[in-house]
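To start, the structure itself, in structure tokens.
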Amino acid sequence: MSLGLSCDSVSQQRNLSSLLGSRAVKRPKKEEAPRLQEAAMQLLEQQPDNPDAGNIFCTQNGEQEQGGSEGVPSAFAGSLLVSELKRQAAQLGVPVVVLSVKTVLERLTEIIGTEDENDDIKREFLTSSQRVQLCVLLESSKELLSQGALCPKLLWQEYRRNQRLPKVEVVYYLHSYSILTLTYILQGDEGVRPWLVSQLKALCSWKPCDGEEETTRVQQKVLMMVVGVLVGSGFEQSQESVAPDTKISRLCCSVLDDMLFWLLDNTDECLTLPAAGEGLELWIQIFDATLCGVSTSAEALQRFFTHSLTQTLTYKPRLTVSDAISLQNEWTFAKANRLLTSLFRKLAVIFSVELLLRHLQQVLETHEVNWKHVLCFLSTLLVYNPKAQPRLKELLSRLLSSAFESYDLESMITAFLLARQGALEGPCIFPSYSEWFKMCFGGGSSFHATSKKSLVFLLKFLSDLVPFEPPQYLKVHILHPPYVPVKNRSLLMEYVSLAKTRLADLKESVEDMGLYEDVSGADGAPAQPQCQAVQDVEKAVSLFESTGRIAATVMEASIFRRPYFLTRFLPALLMPRVLPVKADARMSFIDALKKADKIPAAQYSSYVETCQRKRQDRSSTCLDTNDDPVEVLKVQLQEFTAMVVDGNDGETSAQLSRISHTLSLVFPSSRDELIKQTVIRVHTDTPSCPELHVKVVNIILRSFCQCVLDASRANPPNKQSPWASTVVAVLLGNTQLLSSLIHRLWDLFHNQASLLSNAHLLGLAVFVVHLHTSMSDSLLVEFVPPVLPKPVPFGEALSSALACSTRSNMLFSLRLCVAAVCYGICRGDSLPQQQQQDYVPSGLYKKLLYLIPRLLPEARRTSITASESVLEPDDDLLGLWSSTTDTSSTWRKSAWHLWRHTAFCRLQHGTQYQLFFSEWLAHELRVQRSDDVLSDPERQEYQQWACWELYLTHPEEQGGCGGDMKKLCSHLFSAIMDQELSERSPKRPDPRGSETGTCLPDILSRLQELVYEMEVTQLSGSRRGGVDLCDFLFELVSQRCPATVSSASPCVSSELSLQHTLSVWNRALLALPAVLFVKVKAEGGRMTLDCSTLMEHVNQHQRKVCSPAGLLSCHVTAHFLRGVLCASVRCGCPVEELNKAWSQICLHCPLLLISAVHWWERVSPLMLSLWSRLYDDGEPLPKQLQLFTDCQHWASSLGAGLSPSVPVAPPLLLAASLHRAWRERREDGQGFSAALNMLRADSVQSRQVMVFLLFLCINDYLSELLYSQERHGQRARNEFTELLSVLVDSGDWLLIFNPNEQGVYHLVSMVTTDEFARLMPWAFYTLLLQQSAELLQRALRCPGFLHTALLCYLELLQLFLEGQTPTTTAEPSEEQVEPFRILSHTKQFVLRAISQTSPNALSSSHLRRLQPRCADLDPEVAAALSVHLEPHSLSPEIDFL
């Protein structure tokens, strides 16, 4: 039965088709079809209601639902629907198509319905139920259309019969179901255009209620469909352009233009974001390549965006160029409407910067433009695209080249407006206007420097701009005028005069212009004179501190700009404050100006008095603005935090531009254009930042920490947007803000570390990483007072802020460094190797290399270089970052995880990431033993591990010692020396520390252990042929000593450095075994003592720092004596070797000999005790040591008036014994004279003893002269007189004053210091001129006296010329004479000696050497020599001798 039914249906369908075909053949005119369809529709309307026809789709709906549920095909349901329509059409006598259209429209009207007049709110979209019913209707209509039972054209005609237009959502569904496309509607109905525009505006402006997410999605889809059709129809280019296509293209373009114009008209009114603004933003969202690109080609999309950009730039060009010049400051990105900048961003996203700027240039050359839109577009492009800056510079260069080639004013003004717009966005976006102007017009190779015509063109152009110029640009042109040849200076002066007149009209006094004024700030408002004067003072003080001189600009201002200097500059400089105890740079600058008579006396006195009153009253200024910038900044930072979480890079960049603008209000002196401040000074002792600045910095850091937390919850660092680096880049553009930030970081890390939570610590670690990455090496940080010897990069400054001296700051430093290094490793994971290292500060990495093994003993068992073999399989970046951010993780787990991570281990291969042994020692020596995290045994174990297991075996290129124990010893020794020197340094920032509180004793113990092992190893013979340990130790100290101080031109700093170095060395020397400093070597099959290295050390180094001069300390002397005694035990004949060694010391090391004599009473018991321990058989002291005791007895007996026999000893030993004996006795002039009478024998030995004794007396005299604690001066003068009366006739005594001819007395030059040696001529004359006339006459007759007197006089003159005459520290006495009187008396004495001396007193060779020097230093003495000692009268015999 069903089969028969199907056949009947098919048969009926075929007959109907045949019928329709035949009727079509019988109708030759197509115009009759619409008329017949209209008649049929009228016939249907005249028929009574047909319930079956009205409910056909309702019945069908039910059938479809039932059929759909039972799996009935939709094609079969459609066939049933068509069959029913045919049946009803046959009953009514109308075509099926007409009946279908009528039925569909009736059902559509039922679904959509009429608007309820009681509804207060007009609904633009269907409800959810309406939407479902409509979709069912259209699905059925689609089946009718597929079977030829529905005519779309007739459907639209009937819908439009009563001038009705559907909602755009209905059109969307008709288009989506391919029943009636929007393109067809636009082509066939001219009245649709205004309807579509109004519908689009209403659609954008209508806001769905809460909970209608489906409606919101439909709204987006409708917009996407409409815009896709409009863009496709309006901007697709077909191969053959026909008239209908051109018409529809223009219509679509006009619709899109109307919407764009509606958007642009409303952007100026929607300064905030109300509901209307949200509707505008909805339309802006359609400018999205992903939305439009679904239904259009890439070429059409580019043409659409290009067209829209052109329309935007040229929309309502009502502003003139002069308006643009005047109002440009208000069109920066931060001040521009956010809707407008969003539109520009959308339009620019699919183009490259080159294409955008090329199109901008084309629009500017061919259209009248809206300058506000043009300049806002440029700002948006610069802010969002970092590649725009160099391309804009190229465009400006092309414009200027074109302008000067054809003298084109339009290109000229365009270039200036674009350059100024870029400068208004700040230095991190584009160079300042003054910098650009100097670069383009400030040099001899500038654009205008080719000819006078070009120069005139430029100056004429600038002159024409003067009436419209804001004052800050006029100031740029005055402060940085264009390059002008000297012959054309008059042209420039005309412009300068005009500009100054304009400034006066604007009430911008030229006198109020700052010396270093920042004249092109982004806010465009000129700085107040008071604020500018403060900036000038800061820069002038900075220049003075770096150069030591008052800047020429300041000196010129004090003369040529005196009103500004007196009324602005000086009041800003002399702002009352609490003066520091030690003069800072500002105080020194004020003193320099005062000495130069640039500060009025009354003003200076008032300043000093006010500062004294303010000592207990500190105050700081606060910014006063109508809108509190702090509150604005808080809101902006909150919005920025939300943007970071959303991951919208463009919006975050735009928001940062606004934040930068707000910060410029708080930190107005942000841009330092004329003087690039390369050193940021951080005052660590007193808070130098105003309270407002500290508050703003805290807000910034707190917001940054919050951003880090929120961003880390969403993504690991390597998958986050570059928001953090962008934030830091903005902050770096403000030097004052950067200084406050660094100061705050120092304060937090150094003083308030215990107050920081884990969240703060993590955020600050990330901030520090990006600050380190973004700051160039040219930007240095200097601490005041100095913590480091010189300004250093930020990384080193930060590392110095993280102290590791106590338990608490060790733990804090470890946690911060772990967080920073973990973040840096994760952040740089996807970057090249070099850029990866930029994210890991080497200073923080080295801190971890020091701290982790110290605090985690298990890390010592796992070498960092071998860590790759112990890594767990799941060790990845995510796990590394999780170990840092997980609140349940401890610092031990995080540090241990990082220590074993592959990336962490790999970093140590770089040189900058290797912790050298010297650096480890410096860290360890700063640890306070009383507050160390390790106990004493734990610290000893850790240090031994580091020295013996880690650094001893490490290669040298990796900071170790390469297995060389001597290198290890050298490092330990240098560290001890450095520590001691730093403790004694007057520049030490915290002098309260003492070496007893540091780990110096521990490191000294490690040195003792090492030296002991080296000595034992050397004794065992395992290192034959190597450098002797004695030589090695003395070589170490020689390397530490500064270059040899020349006696001719001494350097005080070098002498002080040598004194400090040897003082520290002596302390280390006394801690080491004495036997190490005497070498035992094999010679001729036997072991012998070799004291040459010891003697060389004493003669070269110890001699120069003795105090008093010519005498080693008792401890050092005893140590050396003990060393010689102990070393002799290792020889086969100890007594013989000891005697030989001391014989060599007496001949070649007089300082040690004299010191041994001086301290023998204290040292001899020690020597006897040591000798008795070394030799149990009661062996007496060696002869040379016993000789000390014999000489002591002889000297004592001689002083007591006895006449004992003279011991067989060196003359210097006898003289030193006599000197020591007489110093121990009270004042006894008669005893001294009696002793001299006993020594008057004419033996050579007696004379030599007295000459050496004379030298020791002179040494005492100079000591009393220079050091007030010495009290032997008068006694030394008396002894000198007594000795001179005995020696005056022999001439030997003169040899100690003549270093080139000393002969046997050469030992005196190896006893005293270089300073005393330089003062020997002074002592010669000060002592000699106090003698009686008789004694002086005897001296004149002494052989060689005149030669010695002339040499001493010339050396004395040289001392005066070099300012090295002695300055006595003792109380003045009657015998002391002023230095200039000594020189005067000396000269008179020399002239008298020349006149009284016989002509043969000087040989010709001596005379030839003396005359040139006398001619240079004292021509009068030279003339006297020529007159009284003529060459022809000289004796040839004497000359020969």
Side-chain angles (χ1 to χ4, degrees), residues 717-718 725 765-766 768-781 788 792-802 804 813-814 816-854 856 859-860 862-871 875-877 880-881 884 894-923 946 949-963 967 971:
N718 58 331
S725 58
V766 175
V768 162
V769 169
H770 284 283
L771 200 60
H772 163 77
T773 305
S774 302
M775 288 183 68
S776 61
D777 292 337
S778 60
L779 193 60
L780 305 178
V781 178
L788 300 171
V792 296
F794 171 74
E796 291 187 41
L798 171 67
S799 180
S800 66
L802 297 174
C804 297
S813 298
L814 178 69
L816 180 74
C817 294
V818 166
V821 173
C822 284
Y823 176 83
I825 290 175
C826 297
R827 188 71 180 86
D829 175 61
S830 59
L831 299 176
Q833 183 68 25
Q834 182 58 39
Q835 296 183 22
Q836 287 181 18
Q837 296 180 358
D838 293 340
Y839 281 96
V840 182
S842 59
L844 303 188
Y845 184 88
K846 290 182 179 181
K847 290 279 186 183
L848 292 179
L849 294 182
Y850 170 70
L851 288 172
I852 292 180
R854 199 176 202 280
L856 297 178
R860 305 173 203 166
T862 304
S863 174
I864 186 172
T865 56
S867 296
E868 297 184 10
S869 61
V870 297
L871 290 176
D875 187 10
D876 55 6
L877 293 177
L880 178 64
W881 183 241
T884 306
S894 301
W896 180 238
H897 196 159
L898 177 63
W899 182 259
R900 299 183 302 160
H901 198 275
T902 306
F904 183 84
C905 302
R906 192 185 304 117
L907 279 173
Q908 203 191 20
H909 297 305
T911 305
Q912 69 272 30
Y913 292 106
Q914 294 169 358
L915 182 68
F916 284 68
F917 187 39
S918 56
E919 296 172 314
W920 178 87
L921 286 169
H923 284 304
E949 299 183 35
L950 181 62
Y951 284 107
L952 177 61
T953 58
H954 248 46
E956 291 187 52
E957 58 271 13
Q958 296 181 13
C961 302
K967 283 187 170 55
H971 283 297

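Computed from a prediction, not measured in an experiment: that's the story for all the values here.
Taken to the nearest 0.5 Å, the CH2 atom of W896 stands 7.5 Å off from the CG atom of L856. E949 contributes atom CD, which lies 10.0 Å from atom CZ of R860 (distance to the nearest 0.5 angstrom). A distance of 10.5 Å separates CD in E919 from NE2 in H971, rounded to the nearest 0.5 Å. From R827, atom CZ reaches atom CD1 of I825 across 14.5 Å, with rounding to the nearest 0.5 Å. Between atom CD of residue Q958 and atom CZ of residue F917 there is a gap of 15.5 Å, rounded to the nearest 0.5 Å. Remark: S894 OG to W881 CH2 distance equals 10.5 Å, nearest 0.5 Å.
For the pair V781 and P793, the minimum side-chain heavy-atom distance is 4.5 Å or more. A 4.5 Å side-chain heavy-atom check between K846 and S799 finds every atom pair outside the cut-off. The shortest side-chain heavy-atom distance between H772 and L798 does not fall under the 4.5 Å cut-off. A 4.5 Å side-chain heavy-atom check between C804 and L851 finds at least one atom pair inside the cut-off. Side-chain contact between V768 and L844 is present, with heavy atoms from C-beta onward closer than 4.5 Å. Taking 4.5 Å as the limit, some side-chain heavy atom of K847 sits within range of a side-chain heavy atom of H923.
Between W899 and P853, the shortest heavy-atom contact is CH2-CG, 3.7 Å. Between A895 and I852 the shortest heavy-atom distance is O-CD1, 3.9 Å. Shortest non-hydrogen contact noted between L849 and Q908 is CD1-NE2, 3.8 Å. The two residues A797 and V792 make their nearest non-hydrogen contact at N-CG2, 3.7 Å.
Each of Y850, Y839, F904 was checked for a ring-ring contact (aromatic ring centres under 6.0 Å, His included) with Y845, and the lone residue meeting it is F904.
W920 and Y951 have tilted rings, their planes meeting at an angle from 30° to 60° on a 0 to 90° scale.
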Inset, instruction - Output, in order, the C-alpha distance, side-chain angles, deciding distance and verdict of side chain to side chain contact (heavy atoms under 4.5 Å, CB included) for T773 and S725. - result: CA-CA 8 Å; T773 305; S725 58; over 6 Å; no
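The backbone N or O of A819 lies less than 3.5 Å from no partner atom in the side chain of T884, so there is not a single donor-acceptor pair.
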